[in-house]
Amino acid sequence: MPSAFYDRTTDEVARDLLGAILIRRTADGLMAGRIVEAEAYGGPEDLASHAARSATGRARIMFGPGGRAYVYLIYGLHNCLNVVAHRPGEAGAVLLRALEPLVGVGAPTNGPARLCRALGIDRSLNGASFGGPALQLVAGPVPAEPIAIGPRIGVAYAGAWAERPCRFWLEGNRYVSVKGKSV
DNA sequence: GTCCGGATCTTT
DNA sequence: AAGATCCGGACA
């Protein structure tokens with residue numbers, strides 16, 4: 001993806017990542033999958049976003065240039081992979097929640113933690129470019145499935161922001177992690 | 001320094 | 001329905 005792809009609102013980028021291809025290269029070879037589910041997390045105003053806690057610490061990378069990976073540990077044991085993306089001067093990242101396996105994927109990729117485990121992604125990749133040797137994002141065919149939009153998963157604590165429709169998925173795709181109805 | 005709560009998944 | 005298990009942020 002060209003760098004300008006990431007310099008738009010986080011919502012737009014999350015939507016447009018549906019159908020894109022994520023490529024992961026390791027010493028063991030190449031894996032690839034098609035993104036079928038993603039969530040947008042905004043800047044300090046978004047109470048569900050790590051960027052709302054503070055601009056320092058692990059979320060600092062969300063304030064930096066787009067097109068890089070934000071990988072963090074959740075619940076003490078699971079990794080989650082995000083794509084930093086936001087308008088210039090703002091902050092935000094897109095959580096990749098599910099892939100449709102294409103090449104070399106030998107484990108389930110429905111769910112953010114499973115996706116990371118299947119692709120061998122952990123915090124050592126935090127800050128890596130999506131145009132680099134380990135991770136790459138490239139455009140895919142325009143999805144045949146309609147795009148569905150709904151509230152994000154697991155953010156009930158975030159008040160009004162919990163309702164906000166920032167989750168995007170490909171309707172009917174079997175690899176989507178959580179069923180939901182589009183708004 | 002302590003304390004607490006998670007953008008989850010697996011097992012019971 | 002609960003447990004695993006660790007980090008960042010909030011307080012003192």
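Treat the numbers as computed from the prediction; the structure is a model and nothing was measured. The chains referred to below are lettered A, B, ... by the order of the sequence lines, with proteins before strands, and numbering in each begins at 1.
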Side chain A:E39, main chain A:I153, donor-acceptor under 3.5 Å: yes

Does A:D7 reach the side chain of A:R87, with side-chain heavy atoms less than 4.5 Å apart? no

Tell me if a side-chain donor or acceptor on A:H50 pairs with a main-chain N or O of A:R60 at a distance below 3.5 Å. no

When you compare the ring of A:Y41 with the six-membered ring of B:dA7's base, are the centres less than 5.5 Å apart and the planes under 30° from each other? yes

With a cut-off of less than 4.0 Å, is there a side-chain N or O of A:H50 near OP1 or OP2 of C:dG8? no

On DNA chain B, compare the nucleotides closest to A:L95 and A:R114; which residue's is nearer the 5' end? A:L95

Under 3.5 Å, which protein N or O atoms sit close to an N or O of nucleotides 10-12 of chain C? Give each pair with its distance.
none

As a test of understanding, state which of A:D122, A:N126, A:V94, A:L22 forms a side-chain contact (heavy atoms from CB on, under 4.5 Å) with A:L81. A:L22

Indicate, with a heavy-atom threshold strictly under 4.0 Å, whether A:R123 touches base, sugar-phosphate, or nothing. sugar-phosphate

Atom of A:A91, atom of A:T10 and distance for their closest heavy-atom approach: O-OG1, 4.2 Å

Among the candidates B:dT8, B:dT10, C:dA4, find the nucleotide nearest to the side-chain atoms of A:C80. B:dT8

NA contact type, A:A48, heavy-atom cut-off 4.0 Å: base, sugar-phosphate, or nothing? base

Using atom CG of A:D122 as one end and atom P of C:dC6 as the other, report the distance to the nearest whole Å. 14 Å

Which part of the nucleic acid does A:Y157 contact within heavy-atom distance under 4.0 Å: base, sugar-phosphate only, or nothing? sugar-phosphate

In whole Å, what is the span from the CG atom of A:L81 to the P atom of B:dT8? 14 Å

Looking at A:Y175, is its backbone amide N or carbonyl O close enough to the side chain of A:N110 to form a donor-acceptor pair, meaning the two atoms are under 3.5 Å apart? no

If pairs are Watson-Crick or G-U with both distances under 3.5 Å, what is the dot-bracket string of DNA chain B, marking crossing pairs with [ ] and pairs to another strand with |? ||||||.||||.

Test item: side-chain donor near acceptor, A:T26 and A:D28, under 3.5 Å: no

Heavy-atom pair of closest approach, residues A:Y41 and A:R152: CD2-NH1, 3.4 Å

Once you apply a heavy-atom cut-off of 4.0 Å, does A:L77 come out as touching a base, just sugar-phosphate, or nothing? base

Could you state the atom-to-atom distance from CD of A:E37 to P of B:dA7 in whole Å? 16 Å

Euclidean distance, atom CG of residue A:N79 to atom C1' of B:dG6 [Å, nearest integer]: 15 Å

Rounded to whole Å, how long is the line connecting atom CG of A:N110 with atom C1' of B:dT10? 13 Å

Rounded distance in Å - CZ (A:R97) to C1' (B:dA7): 7 Å

Does the side chain of A:R117 get closer than 4.0 angstrom to OP1 or OP2 of B:dT10 through an N or O atom? yes

Between A:W161 (side chain) and A:E45 (backbone), is there a donor-acceptor pair under 3.5 Å? yes

A:H78 NE2 to B:dT10 P, straight-line distance once rounded to whole Å: 7 Å

Rounding to an integer number of Å, can you tell me how far A:I153 CD1 sits from B:dC9 C1'? 14 Å

Once you apply a heavy-atom cut-off of 4.0 Å, does A:L73 come out as touching a base, just sugar-phosphate, or nothing? sugar-phosphate

Check every atom of C:dA4, B:dA7, C:dG8 against the side chain of A:R58 and return the nucleotide holding the closest atom. C:dG8

Taking the side chain from A:N82 and the backbone from A:V84, do they hold a donor-acceptor pair closer than 3.5 Å? no

